[in-house]
Amino acid sequence: MIVRCDLHIHSALSPCASDDMTPGNILGMAYLNGLDVIAITDHQSCGNIRSALAARCRLFEEQGRAPLLIPGMELECAEGFHILCYFPSVESAEDFWHFCDTYRIHIANKPTVFGEQVYFDADDAPLGVEKDLLLTSSTLDSITLANEALRLGAAVIPAHIDRDSYSILASLGSIPPEFPSRGYELSRNCSIDAFRTLHPELRENFYITGSDAHNLTGIFDGGFAILVPDKYGDELDAPKFVEALRALTSE
Ligand SMILES: [Zn+2]
Ligand SMILES: [Zn+2]
């Protein structure tokens, strides 16, 4: 089955995202753009996932269809690059969030510099703001973080590895053989074929393209196509999709 995805979307909990990136608006735009699966991947947090699941339920009741929502996070590891993690359930995502929170550098956000970090309630109304800046890195290395996410059932994908900053290739120069994922994300304007030509050592790996949307118009229209093997069935849910992603990124 081909599923149309955008697996890299920031809600207004990410300080760099616009204020109208509420869970309800994100789900509504993903629906209008014909997406089958989306992930909200805020920096170092999944604090808006439960409200996003409520928004998805409302959309489903109203329209009879809604994109599948995967609980996600975008981590910054101690080496200074970003890693996307996709969880089979909100509980496993929150377990990982709280694990990561104990290994993060905590400093106060400066909203005038970085922007507000807004939590939403189940009705899509602002609930409050996160006072700690979520753009600080973890004190844990990438392999420890990735292995903990995998232990909790997640799929792990280093983010935008073609970029000059916050990418595993920019930070480390190459992908360590012990890094426990063979799946990578490329930026929206990077061609997978061109990247494979430039990096023949990574030719055989699995790739996704994410929008890294920080505003509503940035969310993919039509999405990035992922071929989910038939054995996962016609009725995808978050555990099945993440299981498929784990298999695709471990080959
Ligand atoms: Zn990033
Ligand atoms: Zn991002």
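Whatever order the structure lists ligands and atoms in, that order sets their numbers, starting from 1.
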Decide whether Ser51 and Asp121 meet the rule of one side-chain donor and one side-chain acceptor closer than 3.5 Å.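 Result is no, nothing qualifies.
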Indicate whether the side chain of Ser191 and that of Asp193 have a donor and an acceptor atom separated by less than 3.5 Å.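 No, no side-chain donor-acceptor pair sits under 3.5 Å.
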Would you please name every residue forming a ring pair (Phe, Tyr, Trp, His ring centres under 6.0 Å) with Phe87, sequence neighbours left out?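 Phe96.
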Ring pair (Phe, Tyr, Trp, His ring centres under 6.0 Å) partners of Phe120, counting only residues at least two apart: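 Ring pair (Phe, Tyr, Trp, His ring centres under 6.0 Å) check on Phe120 returns nothing, list empty.
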Atoms named by residue and atom, protein N, O or S, within reach of the Zn ion (ligand 1) (under 2.8 Å):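 Sorted hits: Glu74 OE2, His82 ND1, His160 NE2.
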I need the full list of ring-ring contact (aromatic ring centres under 6.0 Å, His included) pairs touching residues 13-65, with sequence neighbours left out, sorted by first then second residue.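 For residues 13-65: His10-His43, His43-His82.
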Testing Glu130, Gln117, Lys131 one by one against Asn109 for a side chain to side chain contact (heavy atoms under 4.5 Å, CB included), which residue passes?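 Of all the options given, the one that passes is Gln117.
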